[in-house]
**Student:** 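Dropping the structure in here first, questions after.
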Number of protein chains: 2
Amino acid sequence: MQLPPTKGRSAPPDALPCCDSCPQAPGCHAAGLVQQPRRGVRLRKGQPLYLIGDPVTALYAIRVGTVKTHVTTGDGRTQVVGFHFPGELVGLDSLTRPRYVSYATALEDTKLCVIAIDPGSAATAAAPALSSQLFPALDYQARRAWAMQTMLALMTAEERLVTFLLWMADGFAARGFSSSAFILRMSREEIGSYVGLTLETVSRQFSRLAETGLIRVRHRCVELLDKPALRIIAERPTISAHTAPDTDAGTEGAAAGSAASNR
Amino acid sequence: MQLPPTKGRSAPPDALPCCDSCPQAPGCHAAGLVQQPRRGVRLRKGQPLYLIGDPVTALYAIRVGTVKTHVTTGDGRTQVVGFHFPGELVGLDSLTRPRYVSYATALEDTKLCVIAIDPGSAATAAAPALSSQLFPALDYQARRAWAMQTMLALMTAEERLVTFLLWMADGFAARGFSSSAFILRMSREEIGSYVGLTLETVSRQFSRLAETGLIRVRHRCVELLDKPALRIIAERPTISAHTAPDTDAGTEGAAAGSAASNR
DNA sequence: CGAAAGGTTGACAATGCTCAACAACTGTGG
DNA sequence: CCACAGTTGTTGAGCATTGTCAACCTTTCG
């Protein structure tokens with residue numbers, strides 16, 4: 001946690017047992033990605049998996065643990081761009097690039113599979129081989145980025161946090177865990193950075209939701225007490241798939257008529 | 001502009017001359033995507049290319065014109081998710097899905113190439129065939145979504161608009177046009193929706209930038225008078241690729257020490 | 001046990017939104 | 001070609017949400 005960055009990267013690549021014994025095998029985004037036996041990496045809480053600017057040599061699949069990807073801005077601010085959970089791939093955003101475009105850091109003790117990438121071949125040679133496996137993962141990534149965009153553009157603080165909690169809940173549910181009581185692996189500051197709020201606002205909104213009886217928070221332990229109500233809050237500014245396709249709502253130019261506004 | 005949605009889609013698919021005569025041929029994201037001769041579509045200002053929920057039958061490459069992709073939210077608000085310019089692909093975000101996940105609407109009179117997609121095969125059969133061509137486009141899309149995410153999460157109104165203008169300028173420059181004087185094809189409201197602000201704020205910030213002498217605005221006509229100064233404003237909260245990787249700045253856990261904050 | 005990190009809460013300020021009036025431009029029909 | 005209506009853009013005043021600064025509490029971990 002206080003180790004110099006290099007330490008994390010040189011972590012002993014002890015060979016872990018392969019997918020057969022992996023708890024994430026079903027539903028793993030890396031399933032069948034490479035045939036050769038994979039190496040593993042272990043990270044302790046706070047250790048970096050890779051740094052921005054490092055040469056891209058591998059893609060990682062999480063076996064156990066949680067990882068955040070993040071960047072820093074010109075004026076020293078930190079921006080979390082993603083949280084990654086067991087079965088997910090880390091490093092996808094850098095796949096076509098020679099060097100990583102973000103940091104990846106373990107939020108807790110974490111074990112990962114290393115999926116080696118032929119240096120430089122990512123965008124070209126690897127494409128045919130990987131694409132059928134990678135496509136779903138890329139698609140997933142794109143869809144999530146897209147959801148983030150609409151969330152950041154037009155949600156209030158409350159809506160953002162409720163949405164975030166429901167995303168977390170869905171993630172836990174997908175992995176067979178309770179979706180109504182779970183532990184957040186990240187700090188308030190990291191949550192805030194991710195959803196575009198300050199840590200104080202995150203804390204306040206959590207308190208407010210708790211007062212209302214919708215959730216229950218103690219430290220990083222969260223209970224969703226009224227999921228239907230939460231869903232309503234979160235889905236207020238969410239995309240409506242088929243909003244009356246026959247009305248002229250779809251046509252542009254007439255958009256000014258509607259009371260369209262942001263936030 | 002006031003036509004029923006169906007009209008736009010049934011626009012006469014008059015066969016346009018192929019890539020040889022296309023002004024966008026160099027740098028076109030669709031270059032070499034499909035061998036067969038392509039059909040074309042023409043849209044007039046305000047006409048939809050496709051509607052959310054329509055079955056995905058094609059990908060489109062813009063020959064001339066500008067297209068916006070947008071969605072509507074549960075409470076009736078509109079969210080612009082992308083502006084698309086000549087040489088770019090439209091419909092990528094829906095490529096792996098059976099139905100379009102957004103609207104696409106022409107912002108001005110527009111001509112497009114139709115790249116037919118075997119229904120349902122997008123995610124599977126098409127993958128090997130298309131991937132090598134599609135990869136750059138998907139990568140580009142991912143990178144842009146990512147930039148949007150950081151912009152929406154931590155930029156002020158001024159920073160967002162300057163960034164937007166510079167993006168536009170880069171786009172024009174890449175197509176051989178002046179990057180210091182150009183015409184915005186979209187309304188203030190559409191710009192605002194895209195960058196997460198209200199149209200009033202957009203207007204006000206433009207005025208303020210004009211007062212400062214950094215830009216010059218009349219209607220939709222924009223001149224960038226002091227691009228270096230604009231760059232400084234925009235890059236203030238922008239990702240720094242290699243921020244002193246050796247200092248402890250990269251390590252997490254110590255992040256609390258730095259005055260990291262959002263917005 | 002004590003220090004450090006993380007979380008909560010309060011007071012205040014400011015950015016950006018809402019409502020509203022008005023001005024400028026576009027396009028259309030007489 | 002002009003006048004009008006409709007649309008788009010500008011500007012102002014007030015307000016609300018959220019950020020800032022700061023103090024204090026709680027948990028964790030050495």
Side-chain angles (χ1 to χ4, degrees), chain A residues 1-2 44-46 75 77-78 107-109 152-161 183-193 195-211 216-222 237 251-263, chain B residues 1-2 44-46 77 107-109 152-161 183-193 195-211 215-222 237 248 251-263:
Chain A
M1 189 161 180
Q2 203 53 312
R44 308 210 49 184
K45 182 179 176 183
D75 51 350
R77 293 180 290 191
T78 285
L107 292 179
E108 57 184 325
D109 292 6
L152 291 170
L154 41 78
M155 282 192 187
T156 65
E158 183 187 49
E159 290 160 352
R160 292 183 202 196
L161 283 168
I183 295 175
L184 297 173
R185 257 44 245 215
M186 63 291 289
S187 70
R188 300 290 191 264
E189 181 176 21
E190 287 161 338
I191 296 172
S193 170
V195 302
L197 300 168
T198 57
L199 75 172
E200 292 97 328
T201 301
V202 172
S203 185
R204 262 186 265 269
Q205 290 297 339
F206 276 178
S207 300
R208 243 167 56 68
L209 288 168
E211 279 170 25
R216 202 144 176 278
V217 200
R218 249 190 23 247
H219 332 294
R220 296 186 174 187
C221 197
V222 178
T251 346
E252 168 39 28
S258 70
S261 68
N262 320 75
R263 281 222 138 157
Chain B
M1 190 162 178
Q2 204 53 315
R44 308 210 50 186
K45 183 178 175 182
R77 294 178 290 190
L107 290 179
E108 58 183 325
D109 293 5
L152 291 170
L154 40 80
M155 282 193 187
T156 66
E158 182 187 52
E159 290 161 351
R160 293 184 202 196
L161 284 168
I183 295 177
L184 297 174
R185 255 51 240 215
M186 62 293 289
S187 69
R188 300 289 190 263
E189 181 176 20
E190 287 162 337
I191 296 172
S193 170
V195 302
L197 301 167
T198 59
L199 74 171
E200 293 97 328
T201 301
V202 173
S203 186
R204 261 185 265 268
Q205 291 297 339
F206 275 179
S207 301
R208 241 166 59 66
L209 287 169
E211 280 170 26
I215 69 172
R216 203 147 177 275
V217 200
R218 249 189 24 245
H219 334 295
R220 295 185 175 188
C221 198
V222 178
D248 67 353
T251 346
E252 168 40 29
S258 72
S261 67
N262 320 74
R263 280 219 145 150

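Sequence lines set the chain letters: A, B, ... in the order given, protein chains first and strands last, and positions in each chain run from 1.
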**Student:** The criterion is side chain to side chain donor-acceptor pair (under 3.5 Å); which residues satisfy it with B:Ser203, sequence neighbours excluded?
**Tutor:** none
**Student:** Do B:Leu199 and B:Glu190 pass the side-chain contact (heavy atoms from CB on, under 4.5 Å) test, and can you show the C-alpha distance, the side-chain angles, and the key distance before you say yes or no?
**Tutor:** CA-CA 8 Å; B:Leu199 74 171; B:Glu190 287 162 337; over 6 Å; no
**Student:** Under 4.0 Å between a side-chain N or O of A:Arg220 and OP1 or OP2 of C:dG7?
**Tutor:** yes
**Student:** Starting from C1' on D:dT17, measure out to CZ on A:Arg160 and report it in whole angstrom.
**Tutor:** 11 Å
**Student:** Between the protein and nucleotides 11-14 of chain D, list the N/O to N/O atom pairs that are separated by less than 3.5 angstrom.
**Tutor:**
from	atom 1	to	atom 2	distance (Å)
D:dT11	OP2	B:Ser207	OG	2.5
D:dG12	N7	B:Arg204	NH1	2.7
D:dG12	O6	B:Arg204	NH2	3.1

**Student:** Rounded to the nearest Å, what distance is computed from the CZ atom of residue B:Arg188 to the C1' atom of nucleotide D:dG9?
**Tutor:** 6 Å
**Student:** Check whether any side-chain N or O of B:Arg185 sits under 3.5 Å from a backbone N or O of B:Leu107 as a donor-acceptor pair, and report yes or no.
**Tutor:** no
**Student:** Between D:dC25 atom C1' and A:Arg218 atom CZ, what is the distance in whole Å?
**Tutor:** 15 Å
**Student:** Only counting residues at least two apart or in another chain, list the ones meeting salt bridge (Lys or Arg N to Asp or Glu O under 4.0 Å) with A:Arg188.
**Tutor:** none
**Student:** Between atom CZ in B:Phe206 and atom P in D:dT10, what is the gap in whole Å?
**Tutor:** 8 Å
**Student:** Listed by chain and number, what are the side-chain contact (heavy atoms from CB on, under 4.5 Å) partners of B:Glu158, not counting sequence neighbours?
**Tutor:** B:Thr156, B:Val162, B:Gln205, B:Arg208, B:Leu209, B:Ile233, B:Arg236
**Student:** With distance as the sole test, does A:Asp109 use its side chain to make a donor-acceptor pair with the main-chain N or O of A:Arg44 at under 3.5 Å?
**Tutor:** no
**Student:** Can you list everything that forms a side chain to side chain donor-acceptor pair (under 3.5 Å) with A:Arg216? Sequence neighbours excluded, please.
**Tutor:** A:Glu223
**Student:** Can you measure B:Lys45 atom NZ to C:dC25 atom P for me and round it to whole angstrom units?
**Tutor:** 15 Å
**Student:** How long is the line joining CZ of B:Arg44 and P of C:dT26, in whole Å?
**Tutor:** 17 Å
**Student:** How bent is the helix from C:dC1-D:dG30 to C:dG30-D:dC1, measuring the angle between the end axes built from five pairs each, rounded to 10°?
**Tutor:** 40°
**Student:** Could you give the CD-to-C1' distance, from B:Glu158 to C:dC17, as a whole number of Å?
**Tutor:** 18 Å
**Student:** I want to check something: taking the side chain as every heavy atom from C-beta on, are B:Leu161 and B:Ile191 in contact at a cut-off of under 4.5 Å?
**Tutor:** yes
**Student:** Please state how far atom CD in A:Gln205 lies from atom P in C:dT9, giving the value in whole angstrom units.
**Tutor:** 12 Å
**Student:** Can you list everything that forms a side chain to side chain donor-acceptor pair (under 3.5 Å) with B:Arg204? Sequence neighbours excluded, please.
**Tutor:** none
